[in-house]
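This report concerns only the one structure given below.
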Protein chains: 2
Amino acid sequence: MRYFIVDDDVASRRMLKQIILDGDMGVIIGEADSGVNALDPILSTDPDFVLIDLLMPKLDGIETIDQLRKQGFRGHFIMISQVENKEMIGEAYEKDIEFFIHKPINRIEVQSVLKKTSERLLLKKSLLTIRKSILHFEEETKEETHRTIKDVVSSILNDMGILGEVGSDDIVTIIDLLSSNEEKSMQIPPLKDIYEKLASQTKFSGAEIMKESKAIEQRIRRTISIAMNNLATLGAVDYTNPEFEYYAPRYFEFAEIRSLMKTIQENEMDSKKPKINVKKFLQVLYVEANEKFKHPPK
Amino acid sequence: MRYFIVDDDVASRRMLKQIILDGDMGVIIGEADSGVNALDPILSTDPDFVLIDLLMPKLDGIETIDQLRKQGFRGHFIMISQVENKEMIGEAYEKDIEFFIHKPINRIEVQSVLKKTSERLLLKKSLLTIRKSILHFEEETKEETHRTIKDVVSSILNDMGILGEVGSDDIVTIIDLLSSNEEKSMQIPPLKDIYEKLASQTKFSGAEIMKESKAIEQRIRRTISIAMNNLATLGAVDYTNPEFEYYAPRYFEFAEIRSLMKTIQENEMDSKKPKINVKKFLQVLYVEANEKFKHPPK
DNA sequence: AAAAATGTCGGATAATGTCGGATTTTATAA
DNA sequence: TTATAAAATCCGACATTATCCGACATTTTT
């Protein structure tokens, strides 16, 4: 199942994330710290479940649900909040949420509820598929609920905090492209070739393609640069942070990250620009995404 | 659906009853005002759902569930109580209750939850029936994507932060090659032979092979050098880092790593190049990869 | 309209292949 | 065991490219 988390409290988001991942219940394909910031990403990533806080500044949970529904979102909501007021809870249930979980967050409770709700969804989907097949004698055995490579990649990019960047689309598409390739070599082709291939999907004249592939190159570089900064900032505060600990040494030249962390800690703004190794980043992402895709849980 | 209500409060029972009947969700086949008084009737009427209060004199909700399960009751529980204590709620969920609803009782909430749980139950039943019939036809089309030795090696190299380097491909292929060999000696053959064997998979003239095997040698050396630098940098930042602790002493001459760490910490850029022991690295990797492959993760 | 983000391009930089020779390990005999 | 030669392994240096990056132009956002 694909989850999206909306909560203004970082700690809550992290706990939920941890619970979902630990329980092997699915992937987090995005998160947001407010209703307003949640709308666009939810509509574009179309998660199966949205875990949403009721009390949030500006746009509260119920209003957010209204907005999303109005714009055609068909996913399911699970509300998580410390509100005790039965009126509000009732109101939430009227918006057709799946369930209301009371804060403080309790691991077993959340896991149990998520498991039951997602099971219900799966069952429903299977039955719908079956009914359709029976009615039309069709052989559509395509499981739409399966997560794609793109989901896996998105979730990784989200962890690095760059899912919203323009270059992320390029990256996701590239990995998808590479993965759909026949050759099972884990070595990715030269970056130049990759860029050109991607560019040729939208542009058609030779010159256009060259330009676009140059643009792609820069977009990706800038996106990765942002990821480095994000991780370095995380690590500067707490180098046992799980995202930092995992991604920083694997996806980047850790020496670069380290010197970045230093300048951050010492608040120097000068900073010799760090070296950005696009090839390494894509290579690791490619192998790891495929691995996670083939052997989902951990 | 057939419901049974257990609650020491008459008013609560009446409300629940009313909600179920009004919502046309099923029939009430009995009620009881305590856990003790509920046991016999529940076992004899075998309801689909038991709505049960957590806090009751003598036999509380959880104990009642235990008793019933012990005596073979297979129905489902929905707990309804005003308890706020998350520990108790968690405990209840561990007893495999369907959901926990907080008092005071809210019509919409109860209806929504009951509807969803009973729907889930119905779906499950239908699906089980269908599956049973289908199983007669189809043998399982399960495609097992085995975890290969390559995956194991990749993950180790990823831990060292060198999955992105060109030489990693060589290393992975080499270990795969060695492992598929008949002789299960723990001792790996001379490096030169290994390189030549690998080279001869892509090149075919004698001279070409020599060149390629030289290239492979350099790629691997450089890759391992990067791994050393990565780990040393990791260790310099945080010597309790698990990857550092594990890999640094096993795969490398630890003395080399330590002096590397020193130059990193003191920011000396001169640095006498550390000695790189390719043989040791491959040897350890070979043994460990095979070990992990045969006896996967704990 | 200013500021930020993105596109464009050429030159700088670092990665890689190639090769000869230095250094270490291994084998063998004293 | 120790000495020594041969073999294996390791390393530096250079040429060639892929990759990277600064700087300015253009577009988009505020």
Side-chain angles (χ1 to χ4, degrees), chain A residues 36 40 162 164-171 174 187-199 202-203 205-229 252-253 255-256 270-283, chain B residues 162 164-171 174 187-199 202-203 205-230 252-253 255-256 269-283:
Chain A
V36 197
D40 278 346
I162 51 171
E165 303 298 320
V166 259
S168 285
D169 275 345
D170 296 301
I171 295 177
I174 283 177
Q187 189 74 26
I188 63 174
L191 295 182
K192 212 176 48 170
D193 297 358
I194 298 180
Y195 299 150
E196 281 174 19
K197 192 164 172 191
L198 179 54
T202 46
K203 310 290 178 175
S205 90
E208 290 272 289
I209 292 181
M210 293 314 283
K211 270 194 190 173
E212 175 66 8
S213 74
K214 272 290 200 177
I216 292 170
E217 178 198 322
Q218 281 297 63
R219 281 200 298 263
I220 292 183
R221 175 182 328 293
R222 283 160 179 157
T223 304
I224 296 180
S225 166
I226 294 173
M228 282 180 80
N229 271 293
F252 308 92
E253 316 276 356
E256 299 291 331
D270 63 321
S271 72
K272 34 194 162 42
K273 298 270 174 82
K275 185 179 168 307
I276 294 164
N277 193 332
V278 175
K279 184 152 199 174
K280 175 167 186 173
F281 183 92
L282 288 181
Q283 173 76 64
Chain B
I162 51 171
E165 305 301 320
V166 260
S168 284
D169 202 30
D170 297 302
I171 295 177
I174 283 177
Q187 199 68 22
I188 63 175
L191 296 183
K192 211 176 55 168
D193 297 357
I194 299 180
Y195 299 151
E196 281 175 17
K197 191 164 172 188
L198 179 54
T202 46
K203 311 290 177 173
S205 91
E208 290 272 287
I209 292 182
M210 292 315 283
K211 267 194 190 173
E212 176 65 9
S213 74
K214 271 291 200 178
I216 292 171
E217 178 199 323
Q218 280 296 64
R219 280 201 298 261
I220 292 183
R221 173 180 329 293
R222 283 161 177 158
T223 303
I224 296 179
S225 163
I226 292 172
M228 285 180 76
N229 271 292
N230 271 338
F252 307 93
E253 319 279 353
E256 300 287 338
M269 295 311 288
D270 62 323
S271 70
K272 31 186 166 42
K273 299 268 175 83
K275 184 177 171 309
I276 293 165
N277 194 331
V278 176
K279 189 149 199 176
K280 173 169 182 174
F281 183 92
L282 287 181
Q283 175 74 63

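So that the names make sense, note that chain A is the first sequence line, chain B the second, and so on, each numbered from 1.
Comparing D193(B) and K192(A) along DNA chain D, the residue whose closest nucleotide (by nearest heavy atom) sits nearer the 5' end is D193(B).
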Across nucleotides 11-24 of chain C, 5' to 3', mark each nucleotide with B, S or - according to how protein heavy atoms within less than 4.0 Å reach it. ---SSBBBBBB---
Apply side chain to side chain contact (heavy atoms under 4.5 Å, CB included) to I174(A) and I220(A), showing your working. CA-CA 11 Å; I174(A) 283 177; I220(A) 292 183; 3.6 Å; yes
Would E165(A) and R222(A) count as a side chain to side chain contact (heavy atoms under 4.5 Å, CB included) if you check the C-alpha gap in whole Å, the side-chain angles of each, and the deciding distance to 0.1 Å? CA-CA 9 Å; E165(A) 303 298 320; R222(A) 283 160 179 157; over 6 Å; no
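Partners of D170(B) by side-chain hydrogen bond (donor to acceptor under 3.5 Å, both in side chains), not counting sequence neighbours, listed by chain and number: R219(B).
When side chains are defined from C-beta on, V278(A) counts as touching Y195(A), because their heavy atoms get closer than 4.5 Å.
If you take CD1 on I162(A) and CD1 on I171(A), they are separated by 5.0 Å, rounding to the nearest 0.5 Å. Taking CG of L282(B) as the start and CD1 of I224(B) as the end, the distance is 5.5 Å to the nearest 0.5 Å.
The pair K192(B)-E196(B) fails the salt-bridge criterion, with no side-chain N (NZ, NE, NH1 or NH2) lying under 4.0 Å from an Asp/Glu carboxylate O.
Mapping heavy-atom proximity under 4.0 Å, the span of DNA chain D touched by chain B runs 5' to 3' from dA8(D) to dA13(D).
Residue M228(A) comes nearest to I276(A) through the heavy atom pair SD-CG1, 4.0 Å, listed as atom of the first residue, atom of the second, then distance.
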